[in-house]
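Since we're looking at a predicted model, the values are computed, not measured.
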Amino acid sequence: MYGQRYLQAMALLGIAWMIIFNYVPMYGIIIAFKDFNIIKSISAAPWAGLEHFKAFMDDDNLGYVIKNTLGMSVLKLIIGFPLPIIFALFLNEVRSIGFKKLVQTISYLPHFLSWVILGGILATWLADVGIINKILLALHVIQEPVSYLAEPSYFWSIIITSDIWKELGWSAIIYLAAMSGVSPEMYEAATIDGAGRFQKMFYITLPSIMGTITILFILAVSGILNSNFDQILVLKNQLNESASNVIDVYVYQTGLQQSRFSYATAVGLIKSLISLGLLLSANFITKRLNNTSLF
């Protein structure tokens, strides 16, 4: 143990950072049960019990906020979760190293750009005089320009498509890393047995990375109430608010813009508890189905 003192010292720094920035701020959760304002300290604020939780349940905005959050998140899970797996499977079959690196570089690039930059690009592309309208007009798909970000009916599609565009390549990295650990002898034996590329993909590669897929699926389910705050805040406006107001944006608006700190904390706490329940449920189900789980 003494021989590892330097490694332990490095680990202690990480533990200290986690305690200071992840656990100490949890004291602020009690704001949800108080009538807090910035004039008084947290301890001096009067207790309100479950008043703010009840207020959220009675809020007229609750219905469409939950609808937008679950709608976009579930569609992202259904559409966005399998695509990196499929992309990684096909990319793993590419034999040209140069072409493979080129595709990887192009697919990774959007991940390193912030949503402020990408949001500006998308706003330009989707404007009345943007490139999307010009292409569709040239192909006679539409007869007149459409302001896509001003139409609530297009907002979910824009959010899901742009999220996939930004994260597809980066999300595939983990799967590609898992595929690199598959024994070449398995592929050689399958080749001798007459298996083709697609058969190897479905009967060797995919089952070999199923543990990785399961773990990432559990994490994806637990984060189903997370709607990518940065992305939506950049792309939302007053015209598409009926489709863009999600829990994270609602908490931001009520907490910081309206200074309803206790109410916003209560909403955030409800979201966190539901996410914890989703995590435990997904972990339990996957453990029963294929004996793979986080804990």
Side-chain angles (χ1 to χ4, degrees), residues 61 64-88 90-91 102-175 216 219-220 223-254 256-257 271:
N61 297 316
Y64 81 91
V65 167
I66 296 297
K67 173 189 171 185
N68 292 335
T69 304
L70 290 179
M72 280 186 276
S73 297
V74 170
L75 287 174
K76 280 184 182 180
L77 184 64
I78 295 173
I79 301 172
F81 184 79
L83 284 180
I85 302 172
I86 297 171
F87 178 70
F90 282 100
L91 193 60
L102 176 63
V103 173
Q104 285 180 304
T105 302
I106 294 173
S107 63
Y108 296 166
L109 182 60
H111 172 80
F112 298 100
L113 300 177
S114 70
W115 274 114
V116 175
I117 297 173
L118 290 181
I121 294 173
L122 286 172
T124 302
W125 286 358
L126 296 170
D128 295 348
V129 294
I131 188 172
I132 302 297
N133 272 301
K134 290 181 179 179
I135 292 173
L136 295 178
L137 286 169
L139 296 174
H140 302 289
V141 176
I142 57 176
Q143 302 302 319
E144 57 183 20
V146 178
S147 183
Y148 291 99
L149 286 177
E151 297 288 340
S153 58
Y154 293 114
F155 189 79
W156 287 15
S157 300
I158 294 170
I159 289 296
I160 294 166
T161 304
S162 59
D163 185 73
I164 292 171
W165 167 48
K166 187 176 188 296
E167 300 297 341
L168 177 66
W170 183 257
S171 300
I173 291 178
I174 298 177
Y175 301 114
L216 293 178
L219 296 176
I224 204 168
L225 294 182
N226 295 325
S227 306
N228 201 336
F229 173 76
D230 295 343
Q231 177 192 21
I232 293 179
L233 189 65
V234 168
L235 295 176
K236 78 180 293 293
N237 54 55
Q238 292 183 346
L239 297 175
N240 62 34
E241 188 171 3
S242 61
S244 62
N245 200 1
V246 295
I247 291 178
D248 291 336
V249 173
Y250 183 70
V251 169
Y252 165 74
Q253 291 175 337
T254 56
L256 295 181
Q257 294 182 349
K271 173 192 165 185

Notebook entry, point to check: Between CD1 of Ile232 and CG of Asn68, what distance do you get to the nearest 0.5 Å?
Noted result: 8.5 Å
Checklist line | Heavy-atom donor-acceptor pair, Ser107 side chain to Gln104 backbone, under 3.5 Å | finding: yes
Next item on the list: Mind checking the CD1-CH2 spacing from Ile158 to Trp165? Nearest 0.5 Å is all I need.
Entry: 12.5 Å
Next item on the list: Could you tell me whether the side chain of Asn133 reaches within less than 4.5 Å of the side chain of Tyr148, counting heavy atoms only?
Entry: yes
Next item on the list: Grab the two heavy atoms, one from Lys166 and one from Leu113, that are nearest each other, plus how far apart they are.
Entry: CE-O, 3.0 Å
Next item on the list: For the residue pair Trp170 and His111, categorise the inter-ring angle as parallel (less than 30°), tilted (30 to 60°) or perpendicular (more than 60°).
Entry: parallel
Notebook entry, point to check: Going by heavy atoms in the side chains, are Leu91 and Tyr175 under 4.5 Å from each other?
Noted result: no
Item checked: Closest non-hydrogen atom pair between Val249 and Ser244, with its separation -> CG2-O, 4.4 Å
Margin query: Counting C-beta onward and ignoring hydrogens, is there a side-chain heavy-atom pair between Leu225 and Leu70 closer than 4.5 Å?
Written below: yes
Next item on the list: State, to 0.1 Å, how close Gln143 and His140 come at their nearest heavy-atom pair, and which atoms those are.
Entry: NE2-O, 4.0 Å
Next item on the list: Would you give the length of the straight line joining atom CG of Leu102 to atom CD1 of Ile106, rounded to the nearest 0.5 angstrom?
Entry: 4.0 Å
Notebook entry, point to check: Minimum heavy-atom separation for Met72 to Phe155, with atom names?
Noted result: SD-CE2, 4.2 Å
Check: Can you tell me how far NZ of Lys271 sits from CD1 of Ile224, rounded to the nearest 0.5 angstrom?
Finding: 12.0 Å
Notebook entry, point to check: At their closest point, which heavy atom of Asn237 faces which heavy atom of Leu149, and how far apart are they?
Noted result: ND2-O, 3.0 Å
Margin query: How long is the straight-line distance from CG of Asn228 back to CD1 of Ile159, given to the nearest 0.5 Å?
Written below: 7.5 Å
Item checked: Inter-residue atom distance Ile132.CD1 - Ile142.CD1, 0.5 Å rounding -> 10.0 Å
Note to self: Test side-chain contact (heavy atoms from CB on, under 4.5 Å) on Trp115 and Leu233; report intermediate values, then the result.
What the structure shows: CA-CA 9 Å; Trp115 274 114; Leu233 189 65; over 6 Å; no
Note to self: Using side-chain heavy atoms (C-beta onward) and a distance below 4.5 Å, is Tyr154 in contact with Asn240?
What the structure shows: no
Check: Does the Thr69 side chain pair with the main chain of Ile247, one donor and one acceptor, at a distance under 3.5 Å?
Finding: yes
Note to self: Tell me if a side-chain donor or acceptor on Trp156 pairs with a main-chain N or O of Ala243 at a distance below 3.5 Å.
What the structure shows: yes
Notebook entry, point to check: Do you know the tightest heavy-atom contact between Ala172 and Phe87?
Noted result: CB-CD2, 3.7 Å
